[in-house]
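Report on the following structure.
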Amino acid sequence: MGALPSAPVEKVIVTYKSQAAEAGSNTAAKSDTAEKAAKTGEQLSFERRLAGGGALVDLGDSATKQDLTEVMDAFRADPSVASVEPDIRAYAMAVTPNDTDYAKQWDLFEPTGGMNVPAAWDKTTGSGVTVAVIDTGYAAHSDLATNVVAGYDFISASADARDGNGRDADAKDEGDWNATDGECGTGSRASNSSWHGTHVAGTIGAVTNNTKGIAGIAYNAKIQPVRVLGKCGGSSADIADAITWASGGTVPGVPANANPAKVINLSLGGASSTCPSVYQTAINGAVSRGTTVVVAAGNSNANASGFTPANCSNVINVASTSREGNRSYYSNYGTIIDVSAPGGETRRSTDTPGTVTTPENGIYSTLNSGTTTQSAENYKPYQGTSMAAPHIAGLAALLKSAKSTLTPAEIESAIKTNARALPGTCSGGCGTGIADTAKTVDAVTGTTTPPTGTVFSNATNVTISDNTTVSSSIAVTGRTGNAPAALKVGVDIKHTWRGDLVIDLVAPDGTVRNLKASSSSDSADNVLTTYSVDASSELANGTWKLQVRDVASGDTGYIDSWSLTF
């Protein structure tokens, strides 16, 4: 995640031998510190006794590396000293990646509708795992290229493949556009190429920390494009063979897969009241080879049981949620849904179909600008259970990388068991909730994360105009006693030149705690962070407010969302 900052050492930890007076007496330790100060000529002071018995000695903030060496040498030369070591700095390893559009990826980090991905990156990033994206193929993209391994084109009909032949070793996306209405059957509409597989691939494994574009969930995993969708979709026979090949199985007439995938993403489907045996046989074979199969639930706002391969067994069936944590208006639902993940909403349910009115609420990922054949690479927001499924495929890759012995059944169980309840609403059934990446990774690696308690949030946008003060409220109910000493305040504010902003937390009794001061030199965009506040003197229940004051002219924005974690 990049180089750690280099901080000067200002203190040392001295451990005395058990029989020495300094081991149990602060007075003796202070006296010894004074002696070492006189010997070295440094301004040393005994600060405090640590829980483990060591003495913390302060060198002052002007100490150089040479000063540190002299002081440590002086303590080491003392026969009553067992050890001396510098008081070094530690840093959170789940740091924000430097990808330029990361702030648009609410689905990874926002506390309300996001999937809690960054907190897992200090434990696993997907190394050693290949994820097969069985889809439209791959449109060349510099934010994916180094993570892409050789795939295959399984479209057997050359007219649908648009590459002049049937199956071949080139998984290039040749475009899935339809020139005229009715071209792909009654009711089909003319449309541009979607570059769907490339968008899915970016969510799973976009190159991360490369100062461009987006971050992938399993950004050190490999992406294997397997092409099955072309003009007018794809056939179940081709898709089934692709599942078999991707997982390391044998397909007549096709060379063996040199990089078998341990995770398969199927962001595709069609209407069927049952799972075709050709699908189920292929899926069962993949799972028997240790490959986890992730499937999109479908986008018909209907019961997923009527769509396939969502209704097949041995898959993780994924519904879609919105930025607010509701079931997306289009997402399929039902008792066969296993889990939900962010799929976004690029328009409101009441807006005209085909329009994009809320692009900021979609899933932002890698794409191509060509309307038919490939042109320049770009990025765009999409919505769909097709976008939700790769979130779970990425999580599965993180889990497999963290613990290679996990079976597909164990991966599915871990994801479902550690999901959190939707903060919004779901009618019809959304599985066990929204997948929680960090919690799931912790569960399979045996690490524990302190319980976060209950999250209260407000995702209603509040406009911040020049030189104004605005606020957003959260009503906290159902708590007992006071707020915690480390109340977590998650803030997502979209605003150019964030130095213009003063941010305060206002408690129910009106007490104001400053979270952020203004700064004329902070020209960066947006405030996207979590503050920790000692609110232990405040009753938890009541109306809390995030108050934002703009102190300068020329830049505006809005409160996107904020949360309180008790």
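All heavy atoms count here, side chains included; hydrogens, waters and symmetry mates do not.
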*Taking atom types as modelled, find out whether N418 and T440 have a side-chain donor-acceptor pair closer than 3.5 angstrom.*
no
*For K380, does the NZ atom have more than 12 heavy-atom neighbours from other residues, nucleotides or ligands under 6.0 Å away?*
no
_Please check this pair: side chain of D351 against backbone of R348, looking for a donor-acceptor N/O pair closer than 3.5 Å._
yes
_CA sep, side-chain torsions, deciding dist, call: N265, V200, side-chain contact (heavy atoms from CB on, under 4.5 Å)_ = CA-CA 9 Å; N265 188 92; V200 167; 3.5 Å; yes
*Can you name the residues that form a ring pair (Phe, Tyr, Trp, His ring centres under 6.0 Å) with H391, not counting sequence neighbours?*
none
*asked:* Please evaluate residues N317 and D338 with respect to the criterion side chain to side chain donor-acceptor pair (under 3.5 Å), reporting the C-alpha separation (whole Å), side-chain torsions for both, the decisive distance (0.1 Å), and the verdict.
replied: CA-CA 5 Å; N317 185 358; D338 291 306; 5.5 Å; no
*asked:* Taking D442's backbone N and O only, do any of them form a donor-acceptor pair with K123's side chain (distance below 3.5 Å, no angle check)?
replied: no
*asked:* Can a donor-acceptor pair be found, under 3.5 Å and without considering hydrogens, that links the side chain of N326 to the backbone of S322?
replied: no
*Look at the side chain of S471 and the backbone N and O of T469, then say whether any donor-acceptor pair between them is shorter than 3.5 Å.*
no
_When you compare the side chains of S521 and S519, does any donor N or O come within less than 3.5 Å of an acceptor on the partner?_
yes
_Stepwise side-chain contact (heavy atoms from CB on, under 4.5 Å) check, V548 with V491_ = CA-CA 11 Å; V548 182; V491 175; over 6 Å; no
_Results of ring pair (Phe, Tyr, Trp, His ring centres under 6.0 Å) for H196 - residues two or more places apart only_ = none
*Only one of T530, I493, N458, V527 clears side chain to side chain contact (heavy atoms under 4.5 Å, CB included) with W562; which?*
N458
_Salt bridge check, K11 against E47: does any charged N sit closer than 4.0 Å to a carboxylate O?_
yes
Output a table of donor-acceptor pairs, distance under 3.5 Å, between side-chain atoms of residues 210-217 and any protein atom two or more places apart or on a different chain; print 'none' if there are none.
unit_1: N210; atom_1: ND2; unit_2: D143; atom_2: OD1; d: 3.0
unit_1: K212; atom_1: NZ; unit_2: S142; atom_2: OG; d: 2.4

*Around atom CZ of R49, are there more than 12 heavy atoms of other residues, nucleotides or ligands at under 6.0 Å?*
yes
*Nearest 0.5 Å please: distance from the CG atom of D99 over to the CD atom of Q105.*
7.0 Å
*In Å, rounded to the nearest 0.5 Å, how long is the span from OG of S427 to OH of Y333?*
7.0 Å
*What residues, two or more places apart in sequence or in another chain, satisfy ring pair (Phe, Tyr, Trp, His ring centres under 6.0 Å) together with Y558?*
none
*asked:* Could you check whether any side-chain N or O of T385 sits under 3.5 Å from a backbone N or O of A296, counting only pairs where one atom can act as donor and the other as acceptor?
replied: no
_With T358 via side-chain hydrogen bond (donor to acceptor under 3.5 Å, both in side chains) - residues at least two apart_ = none
_side-chain contact (heavy atoms from CB on, under 4.5 Å) involving D509 - partner list, sequence neighbours excluded_ = A507, T511, E538
_Q383 (side chain) donor-acceptor with T346 (main chain) under 3.5 angstrom_ = yes
*Walk me through it: do R513 and Y531 pass the test side chain to side chain donor-acceptor pair (under 3.5 Å)?*
CA-CA 11 Å; R513 290 172 172 81; Y531 299 97; over 6 Å; no
*Look only at the side chain of S365 and the backbone of H199, and say whether a donor-acceptor pair between them is shorter than 3.5 Å.*
yes
*For N116, which residues count as a side-chain contact (heavy atoms from CB on, under 4.5 Å) partner, sequence neighbours excluded?*
A119, D436, A438
*D135 and L268: CA distance, side-chain angles, deciding distance, side-chain contact (heavy atoms from CB on, under 4.5 Å) verdict*: CA-CA 7 Å; D135 213 293; L268 49 80; 5.7 Å; no
_Among D525, D550, I559, exactly one meets side chain to side chain contact (heavy atoms under 4.5 Å, CB included) together with H495. Which residue is that?_
D550
*salt bridge (Lys or Arg N to Asp or Glu O under 4.0 Å) partners for K494, two or more places apart*: D492, D560
*Can you see which heavy atom on A310 is nearest to which on A297, and at what distance?*
CB-O, 3.8 Å
*asked:* If I take atom CG from residue D555 and atom CG from residue D500, how far apart are they, to the nearest 0.5 angstrom?
replied: 5.5 Å
*Name all residues meeting the ring pair (Phe, Tyr, Trp, His ring centres under 6.0 Å) criterion together with Y330; count only those two or more places apart in sequence or in a different chain, and write none if there are none.*
none
*Does a side chain donor of either S331 or S320 reach within less than 3.5 Å of an acceptor in the other side chain?*
no
_If I compare all heavy atoms of A103 with all of N526, which pair ends up nearest, and what's the gap?_
CB-ND2, 4.0 Å
_Pair Y382, Y364 - check ring pair (Phe, Tyr, Trp, His ring centres under 6.0 Å), show working._
CA-CA 7 Å; Y382 273 6; Y364 197 72; over 10 Å; no
*Are any side-chain N or O atoms of T407 and backbone N or O atoms of E410, one a donor and one an acceptor, separated by less than 3.5 Å?*
yes
*Shortest non-hydrogen contact from G269 to P309?*
CA-CD, 3.9 Å
*Counting only heavy atoms not in K545, do more than 12 fall under 6.0 Å of its NZ?*
no
*Rounded to the nearest 0.5 Å, what separation is found between the CG atom of N461 and the OG atom of S472?*
9.5 Å
*asked:* Any non-hydrogen side-chain atom of I264 less than 4.5 Å from a side-chain atom of T292?
replied: no
*Nearest heavy-atom neighbours spanning P118 and F109*: CG-CB, 3.9 Å
_Please enumerate all residues that pass side-chain contact (heavy atoms from CB on, under 4.5 Å) together with S300, with sequence neighbours excluded._
A302, F307, N332
*Give the minimum heavy-atom separation between A414 and V444, together with the two atoms involved.*
CB-CG1, 3.7 Å
_Test your reading of the model: is there a side-chain donor-acceptor pair from N147 to the backbone of Y219, 3.5 Å cut-off?_
yes
*Inter-residue atom distance Y102.OH - L108.CG, 0.5 Å rounding*: 5.5 Å
_By side-chain contact (heavy atoms from CB on, under 4.5 Å) - contacts of S518 (at least two apart)_ = V502, V551
*Looking at E110 and R323, does any basic side-chain N land under 4.0 Å from a carboxylate oxygen?*
yes
*Backbone N or O of I243 within a donor-acceptor pair of the S247 side chain at under 3.5 Å?*
yes
*In Å, rounded to the nearest 0.5 Å, how long is the span from CD of E345 to OG1 of T321?*
9.0 Å
*Checking side-chain contact (heavy atoms from CB on, under 4.5 Å) for the pair K516/L501: CA distance, chi angles, key distance, verdict?*
CA-CA 8 Å; K516 177 191 173 300; L501 301 181; 4.2 Å; yes
*Can you list every disulfide (SG to SG under 2.5 Å) pair that touches residues 291-342, not counting sequence neighbours?*
C275-C312
